[in-house]
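Presented below is the structure to which this report refers.
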Amino acid sequence: MERLRQDDPPQIGPYITLARLDAESAERAVPERRYIARTLDGDRTVVACVPHIGTDPTRWSIEAESARRISVPGLWPVSEVGGTAGFPWHTTPYVPALPLTSGLEAHGGPLPEPCVRSLGTALAELLTTAHAQGVVHAGLSPSAVLLSAEGPRLGCFGAVRSAAPDGEQRAGLPGLDPGSLAQEQAQGGRPRPPGDVYALGAVLSYASTGHTAPQREQLPASLCGLITACLAPDAAARPQAYQILTDLTSGATTANPATPQATVLDTAAPVLLPARVVAALARQSAEILAAELPTRTRTLTPSALD
């Protein structure tokens with residue numbers, strides 16, 4: 001969570017912005033600007049998102065509306081879509097959450113292997129369900145993964161589709177993490193499940209090493225083969241999401257969960273998070289609870305988002 005900057009919108013729809021969710025250093029790889037915001041009466045707190053500068057607002061709105069209509073466990077739910085055609089926004093209910101990039105910063109480096117395996121299992125299960133429904137996420141990256149006490153949540157739905165239409169080059173466009181973008185998508189190919197698998201490999205690589213494209217020797221030995229397969233340049237050579245899920249769950253008993261840096265949170269699906277990440281989530285929750293709305297606000301205008 002970061003302080004607001006002078007160029008941040010003070011208000012998004014009926015919500016007063018309190019803080020930025022993403023660090024300034026990570027914002028180029030995030031396809032939308034994400035803010036923790038609250039209604040003026042203080043009753044509701046949300047994460048409010050607006051398009052990244054340079055993103056086509058119409059395409060972004062279409063993906064936001066698509067996400068609102070999708071029900072996949074673990075997908076960050078879009079509850080509202082609003083704004084004008086030129087300056088749209090959407091919201092999701094607020095829960096204390098850290099982007100994976102901030103999670104590594106809070107932990108002080110790559111996550112312990114049991115935590116990476118726990119994260120990968122949850123994301124592979126999400127993609128397995130989505131792909132079975134014919135849904136391609138097309139936006140998975142380290143910044144899209146939100147760590148919470150209730151398990152990881154996946155946002156930034158459709159970022160690849162928002163960046164440019166099929167047939168146009170997407171490499172180098174703002175808001176897309178180049179390390180998480182499969183070659184066929186970077187060249188303008190239609191997003192398909194193998195692209196999500198490539199991105200999952202990049203996320204697991206990042207969680208394990210701090211890099212989306214590390215050297216093989218940097219990866220944990222028990223995950224090296226799986227991550228390398230996900231990152232195969234040939235889409236046909238990548239495993240499917242359900243195969244990744246099987247691999248991760250079958251190997252879970254071989255990974256030692258009893259690490260002093262990992263904390264098991266007692267939720268419906270146990271999640272392993274490093275203790276420092278749990279502490280950072282608690283701090284964020286406390287700061288948001290204590291945050292006071294500004295005494296004077298103004299309505300969001302196009303110039304406020306430029």
Side-chain angles (χ1 to χ4, degrees), residues 1-2 4 7-22 26-41 43-100 126 130 133 135-141 143-148 150 152-165 173-177 191 288 297 299-306:
M1 190 177 75
E2 303 287 327
L4 293 174
D7 60 341
D8 287 325
Q11 184 172 343
I12 299 174
Y15 300 98
I16 309 304
T17 52
L18 302 176
R20 300 169 65 95
L21 186 65
D22 298 286
E27 66 181 8
R28 181 170 174 79
V30 184
E32 53 197 18
R33 290 184 284 168
R34 304 183 290 195
Y35 300 92
I36 302 174
R38 184 173 290 155
T39 52
L40 190 58
D41 59 14
D43 283 349
R44 281 198 300 154
T45 303
V46 301
V47 174
C49 306
V50 297
H52 192 288
I53 294 175
T55 298
D56 182 335
T58 300
R59 298 183 64 83
W60 185 89
S61 295
I62 290 172
E63 296 303 325
E65 182 61 31
S66 296
R68 189 181 68 84
R69 296 171 182 271
I70 292 171
S71 178
V72 175
L75 190 67
W76 216 19
V78 172
S79 53
E80 298 174 274
V81 178
T84 64
F87 301 96
W89 52 266
H90 73 72
T91 66
T92 188
Y94 169 73
V95 296
L98 293 176
L100 181 58
L126 184 159
Q133 295 180 9
V135 175
V136 178
H137 184 274
L140 178 56
S141 71
S143 295
V145 177
L146 284 299
L147 303 177
S148 79
E150 300 174 357
R153 296 291 182 263
L154 185 55
C156 301
F157 181 85
V160 172
R161 292 182 292 259
S162 296
L173 293 179
L176 295 181
D177 179 0
I288 291 301
T297 62
T299 303
L300 181 65
T301 63
S303 60
L305 282 175
D306 286 341

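What's counted below: heavy atoms across the whole structure, side chains too, no hydrogens, waters or symmetry copies. If you're wondering where the values come from, they're calculated on a predicted model, not measured in any experiment.
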Q) Taking only residues at least two apart or on different chains, which pairs with a member in residues 62-72 satisfy side-chain hydrogen bond (donor to acceptor under 3.5 Å, both in side chains)? A) Glu63-Arg161, Glu65-Arg68, Glu65-Arg69
Q. For the residue pair Val145 and Pro152, what are the closest heavy atoms and their distance?
A. CG1-CB, 4.4 Å
**Q.** Rounded distance [0.5 Å steps], OG1 in Thr92 versus CZ in Arg153
**A.** 9.5 Å
Q) Given side chains that start at C-beta, do those of Thr17 and Asp8 come closer than 4.5 Å, heavy atoms only? A) no
Q. Are side-chain heavy atoms of Arg34 and Leu146 found at a separation under 4.5 Å?
A. yes
(Q) Using every non-hydrogen atom in the two residues, find where Asp43 and Thr39 come nearest and quote the distance to one decimal. (A) N-OG1, 3.3 Å
Q. Sequence neighbours excluded, which residues qualify as ring pair (Phe, Tyr, Trp, His ring centres under 6.0 Å) partners of His52?
A. none
Q. Does the side chain of Arg20 reach to within under 4.5 Å of the side chain of Leu4, using non-hydrogen atoms?
A. yes
**Q.** Between Thr45 and Arg38: side-chain donor-acceptor atoms closer than 3.5 Å
**A.** yes
Q. Distance from Leu98 atom CG to Asp22 atom CG, nearest 0.5 Å?
A. 10.5 Å
Q) Taking Ser148 for the side chain and Pro96 for the main chain, is one N or O donor matched with an acceptor at less than 3.5 Å? A) no
Q. In Å, rounded to the nearest 0.5 Å, how long is the span from CG of Leu100 to OG of Ser141?
A. 9.0 Å
**Q.** Of all pairs that satisfy salt bridge (Lys or Arg N to Asp or Glu O under 4.0 Å), the ones with a partner from residues 82-92, not counting sequence neighbours
**A.** none
Q: Quick one: list whatever passes ring pair (Phe, Tyr, Trp, His ring centres under 6.0 Å) with Phe157, sequence neighbours left out.
A: His137
(Q) Test of understanding: with side chain to side chain contact (heavy atoms under 4.5 Å, CB included), list the residues that count as partners of Leu126, not counting sequence neighbours. (A) Val72, Leu154
Q.
Donor-acceptor pair, distance only, cut-off 3.5 Å: does the side chain of Ser143 make one with the backbone of Val30?
A. no
Q) What are the two closest non-hydrogen atoms of Ala85 and Pro88, and how far apart are they? A) O-CD, 4.0 Å
Q | Atom of Leu173, atom of Ala164 and distance for their closest heavy-atom approach | A | CD1-CB, 3.9 Å
Q) side chain to side chain contact (heavy atoms under 4.5 Å, CB included) with Glu80: which residues, sequence neighbours excluded? A) Tyr15, Arg44, Trp89, Thr91
Q: Return the minimal non-hydrogen interatomic distance between Ser79 and Pro93, and the atom names on each side.
A: OG-CD, 3.8 Å
Q) Looking at Tyr35 and Pro9, what are the two nearest heavy atoms and their distance? A) OH-CD, 3.4 Å
